[in-house]
Amino acid sequence: MTDRKYPCYVLKKDAGGNWYWLYYAENREAIARSSESYVAKADCEASVRLLKNSGSAPVYSE
């Protein structure tokens with residue numbers, strides 16, 4: 001296993017062989033999971049890129 005730096009995203013495969021991501025906080029706890037699974041790893045990676053690029057998006061409460 002490689003040394004991981006936290007926070008980080010980790011890509012994994014589910015029981016059906018589809019890809020999903022987990023986001024780990026600095027304390028090494030998983031705090032978020034992708035809302036869907038992806039057939040292609042590239043699609044899972046694209047989902048992570050979307051999140052990483054949304055840092056300046058506003059947050060609303062309802």
Side-chain angles (χ1 to χ4, degrees):
M1 180 175 269
T2 63
D3 291 328
R4 291 188 182 143
K5 295 182 181 180
Y6 294 85
C8 65
Y9 291 89
V10 176
L11 305 183
K12 295 186 169 201
K13 281 192 170 186
D14 62 20
N18 293 321
W19 291 94
Y20 67 97
W21 55 259
L22 290 168
Y23 179 74
Y24 288 85
E26 281 189 56
N27 65 0
R28 299 176 180 228
E29 294 288 328
I31 61 170
R33 185 195 190 283
S34 56
S35 61
E36 60 184 283
S37 296
Y38 303 90
V39 173
K41 184 178 182 183
D43 293 333
C44 188
E45 292 168 331
S47 174
V48 170
R49 278 193 305 278
L50 284 171
L51 287 171
K52 290 176 79 174
N53 292 331
S54 70
S56 63
V59 177
Y60 300 101
S61 295
E62 295 186 354

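Everything numeric here is computed off the predicted structure, so don't read it as measured data. Hydrogens, waters and symmetry mates play no part in the numbers below; they use all other heavy atoms, side chains included.
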Next on the checklist: Looking at every heavy atom in both E26 and P7, which two are closest together, and how far apart are they?
Outcome noted: CG-CD, 3.5 Å

Item to check | Straight-line distance of Y23 OH to K52 NZ, nearest 0.5 Å | outcome: 9.5 Å

Next on the checklist: What I'd like to find out is whether the side chain of W21 reaches to under 4.5 Å of the side chain of L51, using heavy atoms alone.
Outcome noted: yes

Checklist entry - Do the non-hydrogen side-chain atoms of V10 and K12 ever get within less than 4.5 Å of each other? => result yes

Checklist outcome for this item: Rounded to the nearest 0.5 Å, the SG atom of C8 sits from the CZ atom of R28 at a distance of 8.5 Å

Checklist entry - Got Y20 and R33 here, is their nearest side-chain heavy-atom distance under 4.5 Å? => result yes

Checklist entry - How long is the span from the NZ atom in K13 to the CG atom in N18, to the nearest 0.5 Å? => result 8.5 Å

Checklist entry - Looking at OG of S47 and CH2 of W19, how far apart are the two atoms once the value is rounded to the nearest 0.5 Å? => result 14.0 Å

Item to check | Straight-line distance of L50 CG to E45 CD, nearest 0.5 Å | outcome: 12.5 Å

Item to check | Ring geometry between Y6 and Y24 (parallel below 30°, tilted from 30 to 60°, perpendicular above 60°) | outcome: perpendicular

Item to check | Side chains of V48 and L11 in contact at under 4.5 Å (non-hydrogen atoms) | outcome: yes

Checklist entry - To the nearest 0.5 Å, how far apart are OH in Y38 and CG in D14? => result 12.0 Å

